[in-house]
Amino acid sequence: MKTKLLLVALFVAMTTTGFECFNDPIIVSIDLTPFSKCYDINPGPNPSYNGIATIDPNTLMDESYRDKVVDARVYDITVQVGGTFSGSVTVGQVFINDFLLLSYSGTWAEFSTPQSLLGGSTHVTPQSAGVQELIRVLKQKPIPPVTLRSSGTLVGVGVPPVPAGLSVCVNVYAQADGDIKN
């Protein structure tokens, strides 16, 4: 908040002290708290998960920036598991507003640390239609709520039934650019 007040004071000083030609926008980057959702996995012999969440991106940024967004970008997407299991995640998918955002697969142990697009994980594959949908949503004024859905199954040869308490968590990290001059 102090940074914003300092920027506003600087802008006011420049526009009232001979800087009348000051017409360029003043752009600041706004980190959005991750779009996050954890999906519980059904325990038993046929483990699967399928969940949906509605997320309002407006709640992820300071209220004073909400109508000033001029651009946005996704800078990372991670998938991580919770709990202990000796099998694999297979055919995992994440959708945003029914557009496939990414697919993922690998051993459960590999996903115990976040598998990241930024980190070059070979277990997470982005899908351009979903990334474009996410960016399209972030550029709207006001930013509309989005649905984040994930589904998948677990497999393992000789693995006993899947225990309760397992989950798969998806985090989408994004930034928005705000023009604080307008």
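Excluded from the calculations below are hydrogen atoms, water molecules and symmetry mates; all remaining heavy atoms, backbone and side chain alike, are included.
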Acceptor/donor pairs from residues 88-96 side chains to any protein atom, 3.5 angstrom cut, sequence neighbours excluded:
none

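- One hydrophobic cluster, built from ILVMFWY side chains closer than 4.5 Å, holds both V172 and V146.
- Side-chain contact between L134 and F35: present, with at least one pair of heavy atoms (C-beta onward) separated by less than 4.5 Å.
- The distance from the CD1 atom of I27 to the CG atom of D177 is 6.0 Å, given to the nearest 0.5 Å.
- Applying the salt bridge (charged side-chain N to carboxylate O under 4.0 Å, His left out) rule to pairs touching residues 95-124 yields D98-R149, sequence neighbours excluded.
- The two residues E133 and N97 come nearest to each other via the heavy atoms OE2-ND2, 3.0 Å.
- Both V28 and L138 sit in one connected hydrophobic cluster of ILVMFWY residues. Membership requires side-chain heavy atoms under 4.5 Å apart, directly or through other members.
- Scanning both residues, S112 and Q80, for their nearest heavy atoms gives O-NE2, 3.0 Å.
- Contact record, W108 with S167: CH2-O, 3.6 Å, taken as the closest heavy-atom pair.
- Between atom CG of residue N171 and atom SG of residue C38 there is a gap of 7.0 Å, rounded to the nearest 0.5 Å.
- Sorted by first then second residue, the ring pair (Phe, Tyr, Trp, His ring centres under 6.0 Å) pairs that include residues 116-152, not counting sequence neighbours, are F111-H123.
- Judged by distance alone, with hydrogens and angles left aside, the side-chain atoms of D56 form no donor-acceptor pair with the main-chain N or O of P145 at under 3.5 Å.
- The distance from the OH atom of Y39 to the CG atom of N50 is 9.0 Å, given to the nearest 0.5 Å.
- Atom CG in D40 sits 9.0 Å away from atom CG in L166 (nearest 0.5 Å).
- Expressed to the nearest 0.5 Å, how far OG of S36 lies from CD1 of I55 amounts to 7.0 Å.
- In this structure, a donor-acceptor pair under 3.5 Å is absent between the side chains of S116 and Y173.
- When all heavy atoms of Y49 and T153 are compared, the pair lying nearest together is CE2-N, 4.0 Å.
- Atom CG of L102 and atom OG of S150 lie 8.0 Å apart (nearest 0.5 Å).
- Cluster membership for V170 and V137, using ILVMFWY side-chain heavy atoms within less than 4.5 angstrom, is shared.
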